[in-house]
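Since the structure comes first, as structure tokens, the remarks are kept for the end.
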Amino acid sequence: GGGEGGTSNGEGEGAQTASGYMPEGAVAPTPETIEAGEYAPLSRPLFLYVRKEALKKPETVAFLRYYLSEEGQDLVSETGYVRLSSAQLAETTKILEDAIAEAGTPEPGDTITGEVVIDGSSTVSPISSAVSEEFSIKHPDVRVPVGTSGTGGGFKKFLAGETDINDASRPIKESEIEQAQANDIGYIELKIAIDGLTVVVNKDNHWLDGLTVADLRKIWEPNSTVEKWSDVNPEFPDEPIKLFGPDTDSGTFDYFTEVICGEGGASRSDYQQNTDDNFLVTGVSNDENALGYFGFAYYVENQDKVKALAIAP
Amino acid sequence: MSTPTLPAAPSPGSTAHELTHGRRENRLFEGLCAVSTWSSVAVLAILLTSVTYQAWGWLDWQFLTSFDSRKPERAGIFAGLLGSCWMIVITILFSVPIGVGAAVYLEEYATDNLLTRIIRTNLANLAGVPSIVYGILGLTVFVRMFGLFGEQGVFQIEGIPLWGDAVIPLPFGRTVIAGALSLSLLILPVIIVAAQEALRAVPPSLRHASLALGATRWQTIRHQVLPSALPGILTGVILAISRAFGETAPLVMIGAMTFVRFAPGKITSLEVVFDDPSSLVRAPFDTFTVIPIQIFNWVRQAKSDFQHVAAAGIVVLLVVLLVLNGLAIYVRHRSQKNLRW
Amino acid sequence: MLNAFSDLVKTREGQADTASEARDQRTTKIETSGLDFYYGDQQALFDISMTIPERAVTALIGPSGCGKSTFLRTLNRMNDIIEGTRLTGQVLLEGIDIYAPAIDVVALRKKVGMVFQKSTPFPKSIFDNIAYGPRIAGTSDRRKLTEIVEDSLKRAALWDEVKDRMTESAMALSGGQQQRLCIARALATNPDVLLMDEPASALDPASTARVEDLIFELKENYTIVIVTHNMQQAARVSDTTAFFFQGRLIEVGDTRQLFTNPKQKQTEDYITGRFG
Amino acid sequence: MLNAFSDLVKTREGQADTASEARDQRTTKIETSGLDFYYGDQQALFDISMTIPERAVTALIGPSGCGKSTFLRTLNRMNDIIEGTRLTGQVLLEGIDIYAPAIDVVALRKKVGMVFQKSTPFPKSIFDNIAYGPRIAGTSDRRKLTEIVEDSLKRAALWDEVKDRMTESAMALSGGQQQRLCIARALATNPDVLLMDEPASALDPASTARVEDLIFELKENYTIVIVTHNMQQAARVSDTTAFFFQGRLIEVGDTRQLFTNPKQKQTEDYITGRFG
Amino acid sequence: MTDSKPSSPLPSTSLNRSFTLSRAKEQAIEVSLLLCALVSIATTAGIVFVLVAESVFSIPPEQAFFQEVSVWEFFTGTQWTPQFADKHFGVLPLVCGTFLIAGIAALVGLPIGILSAVYLSEYATPRVRSIVKPILEILAGIPTVVYGFFALYLITPTLIKPLFSALGFDVDGYNALSAGIVVGIMIIPMVSSLSEDALRAVPRSLREAGYALGSTKFDVSAKVVLPAAFSGIVASFLLAIARAVGETMAVTIAAGQSPTMTLNPLRSVQTMTSYIVNVSLGDTPAGTIEYKSLYAVALCLFSITLVMNILSQFVMRRYREVYQ
Ligand SMILES: Nc1ncnc2c1ncn2[C@@H]1O[C@H](COP(=O)(O)OP(=O)(O)OP(=O)(O)O)[C@@H](O)[C@H]1O
Ligand SMILES: Nc1ncnc2c1ncn2[C@@H]1O[C@H](COP(=O)(O)OP(=O)(O)OP(=O)(O)O)[C@@H](O)[C@H]1O
Ligand SMILES: [Mg+2]
Ligand SMILES: [Mg+2]
Ligand SMILES: O=P([O-])([O-])[O-]
């Protein structure tokens, strides 16, 4: 393939050598831009929903405190998300401590045992898994299994009382609140990190560095006619466009379709989809003409394999 | 008809010429067949070396004794090893008695009627059902129990006498026992067919001799037929078990958890069992992972180092399988030595 | 050829004579009447009526496929285990119809032991082979078992040869020893009747002679029915001989008389080797 | 018994006589010298030296296991396909050593056809069975093939019976027809020599007669070597007979002379039925 | 040993069935063994029940998959988008993906398998056979995740990509070709061992007849033995293809998840099996139409493999009769 947009310089150490197409006002996703809210519209907060009943278990308390500790927030960065600012962190900690006080849970001792069951968002699960892993090294007798059923799937179990904590990449929905009331499930919402949705292309794509939201909509809207890159923008090469996206069960999908196409679930369907974002990374990194989107974390972990696009509103 | 040549001179005449002319397509075909055959061997060699190469440096004691981790260098297969062991033990407990029992019925009791003919045809068909379909069956029947008991974990039986406070969830949910039951159904046809063959190889004279001594049918089976068929049955069982060991799709359906940092029943060492024997009862009703699922999970990881972790897991799996196969060959060999007719 | 037979019979003439006298007083052990037997649709026995005297040897002879084995196996219902067989008529053992519904086949087979043409030792030790019958009958006392095993082996004239190797595999014995082992095994269940289907046909002459001697001795205590292809053998060991042909009982009578002076033409043709 | 044989031989005496005269002028087709043959370690043939005359029928007789089939199969190297066999000595076909390294076995077998005891039709149509040989030899012209098939079937005296069912499966033919089909199939490759290993032993008497007639006719054009268990048959169809015993060639000679006046004691014992 | 008079029907005899307990035990054993044998029937019944219940009947009936989606749409639709706002339930893309991969597998596995079988049964010395057969058995025993790994990390990047890219084709990272190739490798042992059985069942006399007519080994193998074993070979082919159709993990790992209606082997496709795995991994809530689609797809898969199995059994029985 080849492109008009100035692909000539081939190598380009560090993907940022702006040589490809870049729309006006595009912002690249970095921890800074996301935390500062500059990387709009594709950034969002991530939550834990905790069942109040579960808070009565000392192991849950210990786990959540660890989650919000300095070490826990380090794991947020390590897994590629953006940690809370200290003000935000203080706010979340307060919500948690108030709830603990309300539940009247005894102070956890040195040796805690038991189980904290987590399920939910695949976006959040890397953080929860990392926290779980480190936590269980400190407290070997506490088991913290982390499932990845997606935010919606996780809520189903959470609201049936099967899990203690639900990872969520979006706030709880009206319908889910109703379900909670019906099932008499009390919960608290803890904001624990910020995520940027990242739109990525192949590492060897040298002619594209950014897109507008409008471009993205053109590509992703239902029944989109975009088959080649040149259908998006005549300046782009006349190559087939290969699309990768998360599974429709995921909050990431809901969020992206909502923001880009204006309605949750509204998307073209002829792209390669997978529950597992890792599939998408591999897919995009294997294909020069690919474009995909997934959570910022996966991008951070795979910066050497894929290139993030700057997005203009 | 060629003209008669006199015996004396081996002339370079027509006969001699006729008889000494070679053929090429023969060689070509043999070559093709040989290449085909040896290419399979080559594929195996490539597969083994490439996997071993990728696993090199990753397969160490730490790998065998660690739980899974988000960091490839910390990730280990311990949970999968224990999970696989539990899975296999329970699968054996279910499938071997039922499989051998079914084979004994078909070979020793069944008369040729519609029912037995249906059973036999059905067995052949079952052997060809894709494994994932067994997963769906297991999911509906063993995990969810048709939803008879509502959602998972809602209904539990506690304080079983002898077992103590071990909790048996009903429905079973995504537990070892649900997986093992599904795998049992999966390998049952294999075991039955192998056991049937072993039973058929027992000479009828042995049965007649026993019956003529006033043994009942069951005594004859129990004391004469089964012991004689045992090596054959064992071989079949081992091969079936090694199939179950590598089976992934049904367990994915059952929902064996992919990121598990614990062993079923919290049994991480022998001490745990001694301290709290009821953990042995709890384990089958615990969530689990198995080696092939861990491999599947690692293969899907984007971090390229997980590729090596997966390869290390594959080496462990293949070693276990080769040991099982070796065992089968050994048993077969022993039986040929011990039982001569 | 007739001469050859008379020669043979003569060798034991004294015995045969006394036996012949004894027979008249002897009671009937087994009696069959109007026995028909079918393998599926194919009839293998036609209307067999004969009596088998107690404590004597009855030989069944006849060409291959004439139904000797089939008849023998009706006597302890071993034919039951072949699918699709059917029997009409009666077999009375000590006056009791062994095909009556109330009969326990297992008990019957303990009472009516059987030894096959090809020796069939179990792939176990010599001891376990002999002890098998008593064990399944419920004897578990080791002393008692040892006693039974020794006694049975002695009766089968095998004790001296194997007494030091009781734990060795029975498969390691010679053909003749294996056959006597099978006889001992049958004796261990303490039967009244011993059925033998060509028990020596797979053996070398020396072993055959030992087995024949054994049969001769055993008849003091047991009722013996033996199938044989070998007419010399029938002449040597039996008191009564029955000649079967194409599923029918052609002639039955005192062995000596049957061989020297058969009543039926078919019998004569057979024993003089004109067919078969 | 000797008389019975002479009777048989007489029925074709006229022919045999003329044949006998003809033989002296006849050339040798095959000559073996010092032939030893081994299956693994076991020697099956010992120092066989004999000549087989052209355009005549040579019969090989002898008791079971004496090496007749083995000898026959050395003549077209069919033994080659059995693993672990070994041969020393020579087999000359028209003076050429067929075991020489330069020899193309495939061409040899076309020249030396073979028919087996049990007929072996391929599970194909009658036509394809006969056309098989010519086809693998490279003939693909349908007209030519049809010609060959018709001709071969006629020579094998089968044409009239099957001419309307050429596309039917050869498996549907009767035993005798199948055997003649196999002969026709062998003829279709246009051999010089025809080896037949008990070609009629699985057939009923009527079919046997037809095959024998056929052999008798074929010898006008072919050199035929036939193995048979049936001495009457050997006497009826062959010009020369060779008697094998325990892997050795005991006697070979004019058929009539061998049956009426065997030189060796063993031969006489065998043909008079004293063993075998 | 009692003297007895023939006639008295019920004398005190040891022959009567006195000890009914042991008879009851015998009976109980037989019944429980029968129950064991019936487990296999129950399994089949269970499979059919589960698949049919969820997709055709279900309680209440109007929630059955085929109530919400017409059978016509299911079997003729060319779009499979159960999880989108705009849902389509045309199973053809999945069937197409399945058969594309099975087809590639057949192209790879059947010729190699049958040629190996010929080699083993006609050419190989016993020594070679004794080496090669266990190796093929090992190949058959390797778990399918391993094959998936093999396809994704070895075949695609080092074989398919360079080769087809050099030829100017566009290759997806996940593609049907590499998945098809490994599935083909997987079925080789099955084809070769079943076909070898069929070849060996051809009577030796037929081979000898062939040789006696001046056939080369090639002639005998190709023109006598193979045609004679034809139906046995066909049966092994059918079984192997059924296996390829039902293969799951290797395909899930290596072929991608795109339900596209394509016959291009370089594209990413989704098979019926990998759709099932995908749904179950995503943990779609039970009771939704997407979830039920899993059962409908599984029913479709089950029917296809069942038909192939039955066909192959039928064919196999036919060939057994040939030599009788
Ligand atoms: N299991 C069976 N099923 C069907 N037919 C049978 C069976 N056993 C024997 N027969 C037939 O019954 C007839 C009598 O057989 P039987 O074995 O009693 O003969 P036999 O006199 O013992 O012969 P042999 O001396 O060869 O042992 C024969 O025609 C035989 O083919
Ligand atoms: N394939 C073989 N492997 C080993 N030994 C064999 C083989 N074929 C034949 N023999 C042995 O070679 C000897 C001669 O056998 P051959 O078949 O030539 O005898 P035959 O005269 O044709 O007997 P028959 O009349 O029974 O056909 C026999 O002892 C036989 O056991
Ligand atoms: Mg018999
Ligand atoms: Mg022969
Ligand atoms: O975060 P999600 O797994 O719901 O996409």
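Below, chain A is the first sequence line, B the second, and so on; all start at residue 1.
For the pair D:Pro123 and E:Leu206, the tightest heavy-atom approach, listed with the atom from each and the gap, is CD-CD1, 3.7 Å. In plain terms, the two heavy atoms of E:Val224 and D:Tyr132 that are nearest each other are CG2-OH, 3.2 Å. In plain terms, the two heavy atoms of D:Phe116 and E:Glu208 that are nearest each other are CE2-OE1, 3.5 Å. The minimum heavy-atom distance between E:Ser215 and D:Val106, with the atom names listed, is O-CG2, 3.6 Å. In terms of heavy-atom proximity, E:Gly214 sits nearest to D:Lys110 at O-CE, 3.4 Å.
Annotation: D:Lys163, atom NZ; neighbour count of heavy atoms from other residues, nucleotides and ligands within 6.0 Å is above 12. Crowding of D:Asp141 atom CG: a count of heavy atoms from other residues, nucleotides or ligands under 6.0 Å exceeding 12.
Both the backbone and the side chain of D:Phe122 come within contact range of chain E, judged by heavy atoms closer than 4.5 Å. Neither the backbone nor the side chain of D:Val115 comes within less than 4.5 Å of any heavy atom of chain E. Only the side chain of E:Arg204 comes within less than 4.5 Å of a heavy atom in chain D; its backbone stays farther off. If you measure heavy-atom distances from D:Lys118 to chain E, you find no contacts under 4.5 Å at all. D:Arg77 does not touch chain E: none of its heavy atoms, backbone or side chain, sits under 4.5 Å away.
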Notebook entry, point to check: What's the verdict on side-chain contact (heavy atoms from CB on, under 4.5 Å) for E:Tyr211 and D:Val105, showing C-alpha distance, side-chain angles and the deciding distance?
Noted result: CA-CA 9 Å; E:Tyr211 287 121; D:Val105 185; over 6 Å; no
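Residue D:Met78 holds its CE atom at 11.5 Å from CZ of E:Arg207, rounded to the nearest 0.5 Å. A distance of 10.5 Å separates CZ in D:Arg109 from CG in E:Leu213, rounded to the nearest 0.5 Å.
Each of D:Thr189, D:Ile81, D:Val112 has some count of heavy-atom pairs under 4.5 Å with chain E, and the biggest count is that of D:Ile81.
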